[in-house]
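Because the structure is predicted, anything quoted here is derived from the model rather than measured.
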Amino acid sequence: MRLANVPFFVRGVAWGDEVRIRQADAGGLREYESLVRESGHSTVRIVLHDEACVAEVHARLVDLSCDWEGVSAFPNLIAVNIPPELPYGRLRAWLDENRTAGLFDFEEGCISDRHRAAWQQVNQ
């Protein structure tokens, strides 16, 4: 199965990744089992500390060509899709800057091999 959204609660997978799933119960619930093939996309989750900055964060993500999704149950949490062609260093610098400023915190839920290699090359 190929993921068609940005994962919120599963680490190690991103938009477009091919994954193996299993039937979790008789009601049709399915669970992630393993990664089959990565897509080159990466996932970052951002927790906003101040709701007043939501529009600014969303606008910057759009400027960086990142898609994002939110969940109404967690209004300060967004999951961000980082496309393969985006240089990860540009986004990471912005993430680090805003974490330091106290605007939000973030976690790298899944960094693709492509993004990881580019990031390591820049930081050597």
Report whether [X] and [Y] are members of the same hydrophobic cluster (ILVMFWY, side-chain heavy atoms less than 4.5 Å apart, transitive linking).
{"X": "V10", "Y": "L35", "value": "yes"}
{"X": "I82", "Y": "L48", "value": "yes"}
{"X": "M1", "Y": "V13", "value": "yes"}
{"X": "I111", "Y": "F8", "value": "no"}
{"X": "V44", "Y": "V57", "value": "yes"}

Tell me whether [X] contacts the main-chain N or O of [Y] through its side chain, where contact means a donor paired with an acceptor under 3.5 Å.
{"X": "N76", "Y": "V47", "answer": "no"}
{"X": "R99", "Y": "F106", "answer": "yes"}
{"X": "E33", "Y": "R20", "answer": "no"}
{"X": "S42", "Y": "S112", "answer": "yes"}
{"X": "D17", "Y": "V19", "answer": "no"}
{"X": "R45", "Y": "A79", "answer": "no"}
{"X": "T43", "Y": "C110", "answer": "no"}
{"X": "H115", "Y": "P83", "answer": "yes"}

Exercise for review: For the pair E38 and R114, find out whether any cationic side-chain nitrogen is under 4.0 Å from an anionic carboxylate oxygen.
Suggested key: no
Exercise for review: Take the angle between the ring planes of F104 and W94 and call it parallel below 30°, perpendicular above 60°, tilted in between.
Suggested key: tilted
Atom of [X], atom of [Y] and distance for their closest heavy-atom approach:
{"X": "V62", "Y": "W68", "answer": "CG2-NE1, 4.4 Å"}
{"X": "L29", "Y": "D25", "answer": "N-OD1, 3.0 Å"}
{"X": "L3", "Y": "A14", "answer": "CD1-O, 3.5 Å"}
{"X": "W15", "Y": "P7", "answer": "N-CD, 4.1 Å"}

Gap separating the [atom1] atom of [X] from the [atom2] atom of [Y], nearest 0.5 angstrom:
{"X": "N98", "Y": "R60", "atom1": "CG", "atom2": "CZ", "answer": "9.0 Å"}
{"X": "L77", "Y": "D105", "atom1": "CG", "atom2": "CG", "answer": "11.5 Å"}
{"X": "L91", "Y": "L86", "atom1": "CG", "atom2": "CG", "answer": "6.0 Å"}

Practice item. Show your reasoning for whether side chain to side chain contact (heavy atoms under 4.5 Å, CB included) applies to L61 and I78. Key: CA-CA 11 Å; L61 290 171; I78 56 175; 3.7 Å; yes
**Study point:** Residue R30 excluded, over 12 heavy atoms near CZ under 6.0 Å
**Key:**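 Count not over threshold, so no.
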Exercise for review: Report the C-alpha distance between E108 and R92 in whole Å, list the side-chain angles of each, state the deciding distance to 0.1 Å, and finish with yes or no for salt bridge (Lys or Arg N to Asp or Glu O under 4.0 Å).
Suggested key: CA-CA 10 Å; E108 298 173 323; R92 180 60 193 263; 2.7 Å; yes
